[in-house]
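The structure under discussion appears below in the form of structure tokens.
Convention: sequence-line order gives letters A, B, ...; per-chain numbering from 1. Only heavy atoms go into these numbers, but all of them, side chains included; no hydrogens, no water, no symmetry mates.
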There are 2 protein chains.
Amino acid sequence: MADVAREAGVSPMTVSRAFKSDAYVNDETRKAILLAADRLGYVMDSMASGLSSRKTGFVAATIPSINNANFADTVRGLTEGLQARGLQVLLGYTNYNQEEEERLVRQLLTRRPEAIVVTGGTHSGKCRTMLANAGIPVIETWDLPTEPIDSVVGFSNADASAMIVGHLVATGRTKIAFLGGDASRDTRGFDRRRGFVREMEARGLDATRLIEAGPPPISMREGADALARLMSRWPDTEAVMCVSDLAAFGALTECQRRGFDVPGAIAIAGFGAYEISDICVPPITSIDPHCFQIGLLTARRIIELLSGEAPGQTESRTLLEPILLVRASTS
Amino acid sequence: MADVAREAGVSPMTVSRAFKSDAYVNDETRKAILLAADRLGYVMDSMASGLSSRKTGFVAATIPSINNANFADTVRGLTEGLQARGLQVLLGYTNYNQEEEERLVRQLLTRRPEAIVVTGGTHSGKCRTMLANAGIPVIETWDLPTEPIDSVVGFSNADASAMIVGHLVATGRTKIAFLGGDASRDTRGFDRRRGFVREMEARGLDATRLIEAGPPPISMREGADALARLMSRWPDTEAVMCVSDLAAFGALTECQRRGFDVPGAIAIAGFGAYEISDICVPPITSIDPHCFQIGLLTARRIIELLSGEAPGQTESRTLLEPILLVRASTS
DNA sequence: CCGCCTGTTGTTATCGATATCATTCATCGC
DNA sequence: GCGATGAATGATATCGATAACAACAGGCGG
């Protein structure tokens, strides 16, 4: 920056100001400075800037997996929502693992983000403490934690499951199974399963057809394998609700290979409104949790908090209403 | 850090050393310091550390889209390969847009990464200049640029296309179409198309059945729509090679809706070895470009360059050999 | 007993920017 | 004509760490 200042014949301070859009600088001076910077190929050092101004321009975000269209959409929403304010997303993934999350959060906090977004509302004790003591806005997403750390932008996974059950029952099915991952790791998946069991029991139906497809994330292949196990164990199953559209699609393909008619012999429902559930044959009934919106609303909330507006605890929960997409796989 | 030093009764410098694993610090002193840090909930400031040591611990990476399993796999490989050296990936996506790439690269460079990874070998002039003058290792991936900026870890998209054409011809098809995106934006997609045309012509076949599915990325839906257009324009088409498995799957579903037998009436091939191509019915012939490996090898190369080993320009191209996965959709 | 090495810790200057206060100069109203 | 006002710029200290060098204690060989 000193070089640019010399080249433009001004002080470093003026160069610094020229690069911030709002500061007092003569238009011609600014133009001269930007030209000099261009000539020298100068690029600002955000790190130094952050150290000095105590604003790094980072918003940290953790997602369970980078290879997941749902979380990718949320990250897109977050990124786009923050772009206008010059905030950059610093991303990390946890592999659906709380210890990994703790390690990751610690690493991210060393970068002094101005806010941190985490997926889910269940964390290790140390992780919670770190988040709570970080002194920055913390937003938990994709979930409705009973004891939020700070702000929440999410929805009820359990209620969404109930919508599916309701729909399946309304179409005349009662022997309904749930196909999901191991209970322990993916808390959202677990909530969906919990919602399934609760709603089934509330309707006086048998809620014991639970097939575990392995540790999350459940791949299409695992969905297919799980369906095979399901049908050999409970051959009279009339419908299966899957923890995600990927598992659901895998299950659908297994039905096709085995010659089970969908939805005639068995109905299949998924979760997440992935593109595949909309285009496959037959298309799969799903739940749209508004992934992109989650990211966008999270961005809005962060900007609100950073602007010092409305830090009141009253509005700290932003609830989304997932939508049931009824398609041919359950018609 | 000063607080921790006081708490532990040592100088800040000793605290700093205690946090670096290799430095000279008495074991007991270190233990005491780490304990004190824990008590105070202290987390290092990597930004300040980076400023001082001129090592930020960042490796910047740009990918066209965050919502793409192929690039996600590459990022996973990169992240895992760099983790051992304590390097953190700073990710950004370009939306398959060169202007966006330029903006993004500029933003990333302000973070003073120790190396930068870009997807593809075609960039705007300014972007090239910035990359070349950044003074850090630059790795271009997923491509074989004719004039690399620095290092390359990639493969020939054109040659991979040729493999598909060869396979389709070997199974007795000659009326073969290519289904891809607009030429201008996605250079890898364009290379695949170029490889298709070249190989078709080399075999004396008609290479004019080119269907444009719109600007990349091509969704499943766009693949389906494009197939519909293809079949109405050239109803006698015997095989279609798609720019990606997603487009290919979309095309497959369209065939199912229209009652075209795959592979009996028409064969379909994709690209990318996405999970879907392996599990759908029938499974789709594809090319596995070793996405994860690209990331891993890129990480290795970066570590090599940062260690000061072998900066020789001789070995700066790392070539991968994509694999043809023959499946039922072209049998 | 001296000088030297090793292990350990402290001191000082510095990384590249910005916050804050100070300064300069032109303009304006009375 | 003079103080007040405001736009534009500069000087200095500082953000939180580390590099580089200095310092000191203890052990060892000669």
Side-chain angles (χ1 to χ4, degrees), chain A residues 1-34 36-37 40-58 86 88 106-114 134-136, chain B residues 1-37 40-58 86 88 106-114 133-136:
Chain A
M1 181 175 268
D3 294 343
V4 177
R6 211 171 307 121
E7 174 86 7
V10 295
S11 77
M13 193 61 237
T14 306
V15 177
S16 169
R17 280 195 271 255
F19 274 95
K20 321 207 65 172
S21 42
D22 54 337
Y24 277 147
V25 188
N26 187 298
D27 273 355
E28 291 191 24
T29 314
R30 165 171 285 140
K31 219 174 289 175
I33 290 172
L34 295 183
L40 298 179
Y42 167 79
V43 222
M44 263 270 282
D45 187 331
S46 307
M47 315 298 276
S49 165
L51 180 60
S52 184
S53 67
R54 310 163 134 287
K55 290 185 174 190
T56 56
F58 274 136
Q88 181 176 8
R106 185 187 306 280
Q107 185 186 37
L108 291 173
L109 287 180
T110 68
R111 301 293 181 177
R112 296 295 186 265
E114 301 183 40
I136 53 176
Chain B
M1 181 173 268
D3 294 342
V4 177
R6 211 171 309 120
E7 175 87 8
V10 296
S11 77
M13 191 63 234
T14 306
V15 176
S16 169
R17 280 194 273 254
F19 274 94
K20 321 206 66 173
S21 42
D22 54 338
Y24 277 147
V25 188
N26 186 298
D27 272 355
E28 291 192 25
T29 315
R30 164 171 286 139
K31 221 174 289 175
I33 290 173
L34 294 182
L35 243 124
L40 298 180
Y42 167 78
V43 220
M44 262 268 284
D45 187 331
S46 305
M47 313 300 274
S49 164
L51 180 59
S52 184
S53 67
R54 309 161 136 284
K55 291 186 174 187
T56 56
F58 274 137
Q88 183 176 8
R106 185 187 306 280
Q107 185 186 38
L108 291 173
L109 288 180
T110 69
R111 300 294 182 178
R112 297 292 186 267
E114 301 184 38
N133 295 341
I136 52 174

Handout entry: Side chain proximity check, V15(B) to M1(B), heavy atoms < 4.5 angstrom
Key =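 Touching, per the 4.5 Å side-chain cut-off.
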Handout entry: Distance test, side-chain N/O of Y42(A) to OP1/OP2 of dA17(C), below 4.0 Å
Key =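 The answer is yes; a side-chain N or O of Y42(A) sits under 4.0 Å from OP1 or OP2.
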Exercise for the section: Would you indicate, yes or no, if dG16(C) has its OP1 or OP2 atom less than 4.0 angstrom from a side-chain nitrogen or oxygen of R112(B)? Expected result: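 No, no such contact exists.
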Problem - Contacts of type side-chain hydrogen bond (donor to acceptor under 3.5 Å, both in side chains), residue Q88(B), not counting sequence neighbours - result: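 Scan of Q88(B) (side-chain hydrogen bond (donor to acceptor under 3.5 Å, both in side chains), adjacent residues dropped) gives R111(A).
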Exercise for the section: Scan nucleotides 4-13 of chain C nucleotide by nucleotide, 5' to 3', and note B when protein non-hydrogen atoms come under 4.0 Å of the base, S if they reach only the sugar-phosphate, - if neither. Expected result: ---SBBBB--
Handout entry: Under 3.5 Å donor-acceptor pair, S49(A) side-chain atoms to dA17(C) base atoms
Key =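 Per atom types, no contact qualifies.
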For the side chain of [X] and the backbone of [Y], is there at least one donor-acceptor N/O pair under 3.5 Å apart?
{"X": "S53(A)", "Y": "S49(A)", "result": "yes"}
{"X": "T56(A)", "Y": "R112(A)", "result": "yes"}
{"X": "R30(B)", "Y": "V25(B)", "result": "no"}

Handout entry: Listed nucleotide nearest any side-chain atom of M44(B), set dG16(C), dA17(D), dA19(D)
Key =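 The answer is dA17(D).
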Problem - Atom-pair distance (CD1 on I33(A); C1' on dA17(C)), nearest Å - result: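 Value for this atom pair: 14 Å.
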Practice task
Mind checking the OG-CG spacing from S52(A) to D45(A)? Nearest 0.5 Å is all I need.
Solution key: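 Interatomic distance, S52(A) OG to D45(A) CG, rounded to 0.5 Å: 11.0 Å.
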